[in-house]
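First up is the structure itself, then whatever we jot down about it.
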Amino acid sequence: MNKDSIWLSETNITHATTVIIFGAVGTRILADCHSIYGEGVLLVTSEEINTDSRPNFFIAKPEFSSESFLATLTDFFLLNSIHPPELKVSVSIKEQDKSMYEDLIHLTLNEIDTLLRARKTRKETGFLRQLQIFENLDGYLGNRIPEDWKSLSKNNLAVVVGAGPSLDLTLPLIKNGLPSPVIIASDSSLKALAKEHFFPHFVVSIDPEKSFEACGDPKFKPGIALLSSQSHSSWAKNWDKKCFISGRVISEDWLGEKGVGKSSLQAINNAGLTALAFADFISPSAILLVGMDLAGGGDGRVRYAESTGRSHIEINASTFHQIPGNYNKTVPTPFFSDWHETSQATAIFSQRRSILNLNDRGAYLDGANLIHPRDFEEVKKILKESLIPFAGGDSGLLSIRRKIKGLGLNQVLTLMTTRCDQLWQVMEKHSSSSNFKELFKEIFSDTDNAYLLGDFAFSIMPRLSLNNHDESFNAEREQLKILLWKLEDLSLIHI
């Protein structure tokens, strides 16, 4: 193919087996692409194309909504779980359509960037995430969030506390003058809250790599900790009152099939967004956001407020995305997906309750009413006149937990113990080997094993199909032993 005459631009990805083409191309060019990129072609064009005779051929109309286009991208990315697709932009794109295609290309590049980070994270932290899941499993089985909490904050104000740079300015402003709100804090904001003598009712932490010690003071453990099964286990060990919420966790799907239902409230992406989702879950009349910047300070590298004790942690990212700003046309962020999901959430939540964003900087959030700190006194008066103070919540209601017990719990524990015994037998069968690729191929050929071992399994499985003779999987074998011991410990607790 003559790229000078066919493509306006194109990327060059080593080992790419899929391609995304923007704009119409001729039948012969399309056939050539199918030959070169054997695992799949996604064509973004308004023209009608017959796809019947072409396997793994995807079509996306540029007129699609962003949600539909993203759904098509997600399905297409599944064709190759290791290497991202190449992008090619056709010279056929008309001048009046260039802006529309540029938006789609930008969105696609952002999604590929997010995908690559997720794949890298899964490979590097699959074992760590799975270890936290098994360490938290007893709490998850017996302390999940109940649906009863949906009425917890009716006619009240909920304050969601993030940890962005603006928190240094906005946190002192909410100490007085508001109708006593229910305070929901992200984990990274704990030290800032302690300095201002704020005692949140709920603290959210869902990150497997973020320990309690890194965020808080051992003497400051207010309210109820809202955790995911992947949260660093130090939170559950340190907090007296805790409650678990479900998430995008493969092992939880395995448990769901065995009768351990997921909570309707899900852990999403990060602590700040999950705190926002929880605020919506408990049905307040209004939600006030503080420290929810969703964009780095300065040149984009400053992530945390100084008062959090984490401002020295700067963002070292190779790519900063320009996203809509509150007071600037655009602001830089390396976390496009964090902002995108948060903005989507505020757009949805604002349809059923007011979302107020107290900020003098940061990223635009769809559906949120932006309030500059200098205008906040007037807003306080309106809130105080229209909302009821939060009385701390009914102690009986807050003590309710969704749990599995009795015969149901025994059945789940028996299934896990049986799985452990079977896996030990397979490991013993391969114990004399010097390369354990075949061990893991045998283990994960049983989908029940793969789902039980969740993130750990899916950090290994894509590598099993590669022809890499230097990778022995010995370290992964040792990690599997640790995971099985953790599962067996859970059964011993309930004997």
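We use all heavy atoms of the structure for the numbers below, so side chains are in, but hydrogens, waters and symmetry mates are not.
- Between the side chain of T418 and the backbone N or O of T414, at least one donor-acceptor pair lies under 3.5 Å.
- Listed for the S431 side chain is no donor-acceptor partner under 3.5 Å among the backbone atoms of M427.
- For the atom pair CG of L490 and CZ of F134, the computed distance is 9.5 Å after rounding to the nearest 0.5 Å.
- T72 is not listed as a side-chain neighbour of F77, based on a closest heavy-atom distance of 4.5 Å or more.
- Residue pairs meeting the ring-ring contact (aromatic ring centres under 6.0 Å, His included) criterion with at least one partner in residues 153-178, sequence neighbours excluded, are absent.
- A pairwise comparison of heavy atoms in K191 and G216 identifies CE-O, 3.9 Å as the closest pair.
- Using a 4.5 Å heavy-atom cutoff, the side chains of S234 and S211 are in contact.
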- Message: One pair to check against salt bridge (charged side-chain N to carboxylate O under 4.0 Å, His left out): E476 and R463. What are the steps and the verdict?
- Response: CA-CA 12 Å; E476 288 79 0; R463 291 145 56 200; 2.6 Å; yes
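- With a 6.0 Å radius and a threshold of 12 heavy atoms from other residues, nucleotides or ligands, K405 has its NZ atom at or below the threshold.
- Here the side chain of E442 pairs no donor or acceptor atom with the backbone of V426 at under 3.5 angstrom.
- Applying the side-chain hydrogen bond (donor to acceptor under 3.5 Å, both in side chains) criterion to K403, with sequence neighbours excluded, gives no partner residue.
- Within 6.0 Å of the NZ atom in K154, the count of heavy atoms belonging to other residues, nucleotides or ligands does not exceed 12.
- Proximity of L171 to L193: side-chain heavy atoms (C-beta onward) are separated by under 4.5 Å at one or more points.
- Counting non-hydrogen atoms of neighbouring residues, nucleotides and ligands closer than 6.0 angstrom, the NZ atom of K486 reaches no more than 12 such neighbours.
- Checked against the 6.0 Å centroid threshold, F212 and W239 count as a close aromatic pair.
- Comment: R402 does not engage D148 in a salt bridge, judged by the lack of any side-chain N to carboxylate O separation of less than 4.0 angstrom.
- Side-chain contact between D360 and S166 is present, with at least one heavy-atom pair separated by less than 4.5 Å.
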- Message: Walk me through whether N357 and N369 qualify under side-chain hydrogen bond (donor to acceptor under 3.5 Å, both in side chains).
- Response: CA-CA 6 Å; N357 185 10; N369 297 302; over 6 Å; no
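- Under the 4.5 Å side-chain criterion, counting only non-hydrogen atoms from C-beta, P181 is not in contact with F390.
- The cationic atom of R477 (NZ for Lys, CZ for Arg) does not lie both less than 6.0 Å from the six-membered ring centre of F473 and within 45° of the ring axis.
- Nearest heavy-atom pair, A295 versus V331, reported as atom, atom and distance to 0.1 Å: CB-CG2, 3.7 Å.
- Note: L358 CG to T170 OG1 = 5.0 Å, rounded to the nearest 0.5 Å.
- Using a cutoff of 4.0 Å between basic side-chain nitrogens and carboxylate oxygens, D448 and R419 are scored as salt-bridged.
- The environment of K241 atom NZ is sparse: at most 12 non-hydrogen atoms of other residues, nucleotides or ligands sit within 6.0 angstrom.
- Here the straight-line distance linking atom CH2 of W339 with atom OH of Y364 works out to 9.5 Å at 0.5 Å rounding.
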- Would E341 and N269 count as a side-chain hydrogen bond (donor to acceptor under 3.5 Å, both in side chains) if you check the C-alpha gap in whole Å, the side-chain angles of each, and the deciding distance to 0.1 Å? CA-CA 8 Å; E341 286 198 55; N269 203 321; 2.9 Å; yes
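- Rounded to the nearest 0.5 angstrom, K258 NZ and L413 CG are separated by 13.5 Å.
- Atom CZ in F76 sits 12.0 Å away from atom OG1 in T74 (nearest 0.5 Å).
- Proximity of L387 to N155: side-chain heavy atoms (C-beta onward) are nowhere separated by under 4.5 Å.
- The two atoms that bring Y327 and N359 nearest to each other are OH-O, 2.8 Å, heavy atoms only.
- Salt bridge D280/R352: present, at least one basic N to carboxylate O contact under 4.0 Å.
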- Task: In sequence, state the C-alpha distance, the side-chain angles, and the governing distance for R353 and I287, and then conclude on side-chain contact (heavy atoms from CB on, under 4.5 Å).
- Result: CA-CA 7 Å; R353 55 187 51 88; I287 299 173; 3.8 Å; yes
- Task: Please lay out, stage by stage, how D187 and V204 fare under the test side-chain contact (heavy atoms from CB on, under 4.5 Å).
- Result: CA-CA 6 Å; D187 47 14; V204 178; over 6 Å; no
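- Side chain of S228 to backbone of S231: a donor-acceptor contact under 3.5 angstrom is found.
- Counting only N and O atoms by type, the side chains of T346 and D366 include no donor and acceptor under 3.5 Å apart.
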- Derivation of the side-chain hydrogen bond (donor to acceptor under 3.5 Å, both in side chains) call for E488 and T417: CA-CA 6 Å; E488 291 173 336; T417 302; over 6 Å; no
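- Contact annotation: the side chain of C243 approaches that of I145 to within less than 4.5 Å [non-hydrogen atoms, C-beta and beyond].
- Using modelled atom types and a 3.5 Å distance limit, the side chains of S264 and E147 yield a donor-acceptor pair.
- The two residues P373 and L169 have their closest heavy-atom pair at CG-CD2, 3.7 Å.
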- Go through F127 and Q130 one step at a time and tell me if the side-chain contact (heavy atoms from CB on, under 4.5 Å) criterion holds. CA-CA 5 Å; F127 167 69; Q130 199 60 41; 5.7 Å; no
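- In this structure, the side chains of E252 and I133 stay at 4.5 Å or more apart for every pair of heavy atoms.
- Heavy-atom neighbours of K429 NZ from other residues, nucleotides or ligands within 6.0 Å: at or below the threshold of 12.
- Proximity of a side-chain donor or acceptor of N136 to a complementary backbone N or O of S233 within less than 3.5 Å is not detected.
- At distances below 3.5 Å, at least one donor-acceptor pair connects side-chain atoms of S459 with backbone N or O atoms of F456.
- The backbone N or O of V260 sits nowhere less than 3.5 Å from a side-chain atom of R144 that would complete a donor-acceptor pair.
- Shown here is Y451, whose OH atom has no more than 12 heavy atoms of other residues, nucleotides or ligands within 6.0 Å.
- Taking CG of L157 as the reference point, atom CG of L383 lies at 5.5 Å (rounded to 0.5 Å).
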- Message: Under the criterion side-chain contact (heavy atoms from CB on, under 4.5 Å), I'd like the reasoning laid out for T330 against I323: C-alpha separation, chi angles, the key distance, then a yes or no.
- Response: CA-CA 5 Å; T330 61; I323 59 176; over 6 Å; no
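- Between L487 and L137, the shortest heavy-atom contact is CD2-CD2, 3.9 Å.
- When atom types are taken as modelled, the side chain of S251 and the backbone of L452 share a donor-acceptor pair closer than 3.5 angstrom.
- Remark: R129 does not engage E209 in a salt bridge, criterion side-chain N to carboxylate O under 4.0 Å.
- In this structure, the side chain of N156 engages the main chain of I388 through a donor-acceptor pair within 3.5 Å.
- For the pair W235 (side chain) and K210 (backbone), a donor-acceptor distance under 3.5 Å is present.
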- Please test S246 against Y140 for side-chain hydrogen bond (donor to acceptor under 3.5 Å, both in side chains), starting from the C-alpha separation and ending with a verdict. CA-CA 8 Å; S246 303; Y140 180 81; 2.8 Å; yes
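- Contact detail for W149 and I400: the closest heavy-atom pair is NE1-O, 3.9 Å.
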